[in-house]
Amino acid sequence: MDSIQQNVVVRKLAPEVFRQRFVIEGYFDREIRRDDIEVFFREVCKELGLRAYGDPIIFTPGTMGKEENQGFDAFIPLIDSGISLYVWSKAKFFSAVFFTCKGFDEAKASAFTKKFMNAGDCETFAF
């Protein structure tokens, strides 16, 4: 897995508020259904010690929009912020965004996501 860090300067607003942001995206080699997304959220939260306070919200545009953009947009609210997952079914591409106010192990998040998605080529970005 490759990681990218761009030379982006981000002004640190509200330094008194802890937050961790991590993105992993790549190509997957499995079928992703609505139920799979629910399982992903439940299991990744358990793996990282993060606590959800609600059920995942999962949208699929159906026949709206471009065919190549069909898939899922999903979010799970955490007591310490949330995780979003975007899936492009036709391209077999995903992007997961972890935003928490509680620290977590990025290597675990990456390894779990990559294994769950059966993903080969991935990129990660933390900020």
Side-chain angles (χ1 to χ4, degrees):
M1 177 178 351
D2 297 322
S3 292
I4 57 171
Q5 283 298 125
Q6 297 177 1
N7 293 324
V8 176
V9 177
V10 177
R11 200 173 87 202
K12 188 166 177 124
L13 295 174
E16 70 280 6
V17 177
F18 176 83
R19 56 217 184 271
Q20 184 173 356
R21 297 155 294 196
F22 180 71
V23 177
I24 178 170
E25 51 187 31
Y27 292 95
F28 59 88
D29 187 22
R30 62 168 290 184
E31 182 179 348
I32 302 290
R33 297 165 298 161
R34 178 184 214 88
D35 293 347
D36 298 316
I37 294 171
E38 291 177 4
V39 171
F40 170 77
F41 282 138
R42 184 176 60 247
E43 291 184 5
V44 77
C45 286
K46 183 178 177 183
E47 178 74 14
L48 301 177
L50 301 172
R51 301 171 298 159
Y53 68 86
D55 294 328
I57 300 164
I58 304 169
F59 296 100
T60 185
T63 59
M64 298 177 352
K66 297 178 182 178
E67 183 181 341
E68 62 266 25
N69 291 335
Q70 299 301 306
F72 298 96
D73 304 311
F75 175 78
I76 189 162
L78 302 176
I79 291 172
D80 300 303
S81 297
I83 303 170
S84 297
L85 177 65
Y86 307 94
V87 176
W88 289 259
S89 298
K90 188 173 182 177
K92 292 192 162 270
F93 183 76
F94 75 93
S95 183
V97 181
F98 296 76
F99 185 101
T100 69
C101 295
K102 174 186 176 189
F104 65 91
D105 186 328
E106 292 170 0
K108 274 187 176 180
S110 181
F112 178 88
T113 303
K114 187 174 180 180
K115 182 177 179 183
F116 187 91
M117 294 293 185
N118 196 24
D121 189 20
C122 291
E123 295 285 342
T124 61
F125 182 70
F127 58 103

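Being a predicted model, the structure only gives us computed values, none of them experimental.
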Problem - CG-CD distance between D121 and E25, expressed to the nearest 0.5 angstrom - result: 10.5 Å

Problem - Atom pair CD1/CG of I58 and D73 - distance to nearest 0.5 Å - result: 10.5 Å

Practice task
Kindly write out the residues that satisfy salt bridge (Lys or Arg N to Asp or Glu O under 4.0 Å) with K90, not counting sequence neighbours, or none if the list is empty.
Solution key: E67

Practice task
Taking salt bridge (Lys or Arg N to Asp or Glu O under 4.0 Å) as the test, write out the residues that go with R33, two or more places apart.
Solution key: D36

At their closest point, which heavy atom of [X] faces which heavy atom of [Y], and how far apart are they?
X   : Y    : value
S81 : C101 : OG-SG, 3.1 Å
F94 : T113 : CE1-CG2, 3.6 Å
F18 : K102 : CE2-C, 3.6 Å
L85 : A96  : CD1-CB, 3.9 Å

Handout entry: Hydrophobic cluster of I79, others only, ordered by chain and residue number, side-chain cut-off 4.5 Å
Key = Y53

Practice task
Start with the C-alpha distance between D105 and E47, add both sets of side-chain angles, then the distance that settles side chain to side chain contact (heavy atoms under 4.5 Å, CB included), and finish with yes or no.
Solution key: CA-CA 9 Å; D105 186 328; E47 178 74 14; over 6 Å; no

Can you check whether [X] reaches [Y] side chain to side chain, under 4.5 Å on heavy atoms?
X   : Y   : answer
F98 : L48 : yes
V87 : F28 : yes
S95 : V23 : yes
Q70 : S89 : no

Exercise for the section: Determine yes or no for a side-chain-to-main-chain donor-acceptor pair under 3.5 angstrom, with N118 supplying the side chain and D29 the backbone. Expected result: yes

Problem - Flag, side chain of R34 to backbone of F72, donor-acceptor distance under 3.5 Å - result: no

Practice task
Show your reasoning for whether side chain to side chain contact (heavy atoms under 4.5 Å, CB included) applies to F116 and V44.
Solution key: CA-CA 9 Å; F116 187 91; V44 77; over 6 Å; no

Handout entry: Pairs satisfying side-chain hydrogen bond (donor to acceptor under 3.5 Å, both in side chains), at least one member in residues 14-23, at least two apart
Key = Q20-E106

Practice task
Give the cluster check for F125 versus Y86: same hydrophobic cluster or not, with ILVMFWY residues linked at side-chain heavy-atom distances below 4.5 Å.
Solution key: yes

Problem - ILVMFWY network linking V97 to F127, side-chain heavy atoms under 4.5 angstrom - result: yes

Handout entry: Heavy-atom neighbours of D55 CG exceed 12 at 6.0 Å
Key = no

Problem - Trace of the side chain to side chain contact (heavy atoms under 4.5 Å, CB included) decision for F75 with F59 - result: CA-CA 9 Å; F75 175 78; F59 296 100; over 6 Å; no

Fill in the blank from the handout: Residues at least two apart in sequence or cross-chain that pass side chain to side chain contact (heavy atoms under 4.5 Å, CB included) with A52, listed by chain then number, are I76, L78

Practice task
Take S110 and F22, measure what side chain to side chain contact (heavy atoms under 4.5 Å, CB included) needs, and give me the verdict at the end.
Solution key: CA-CA 9 Å; S110 181; F22 180 71; 4.0 Å; yes

Exercise for the section: List for me each residue that meets ring pair (Phe, Tyr, Trp, His ring centres under 6.0 Å) alongside F93, sequence neighbours excluded, and say none if there are none. Expected result: Y27, W88

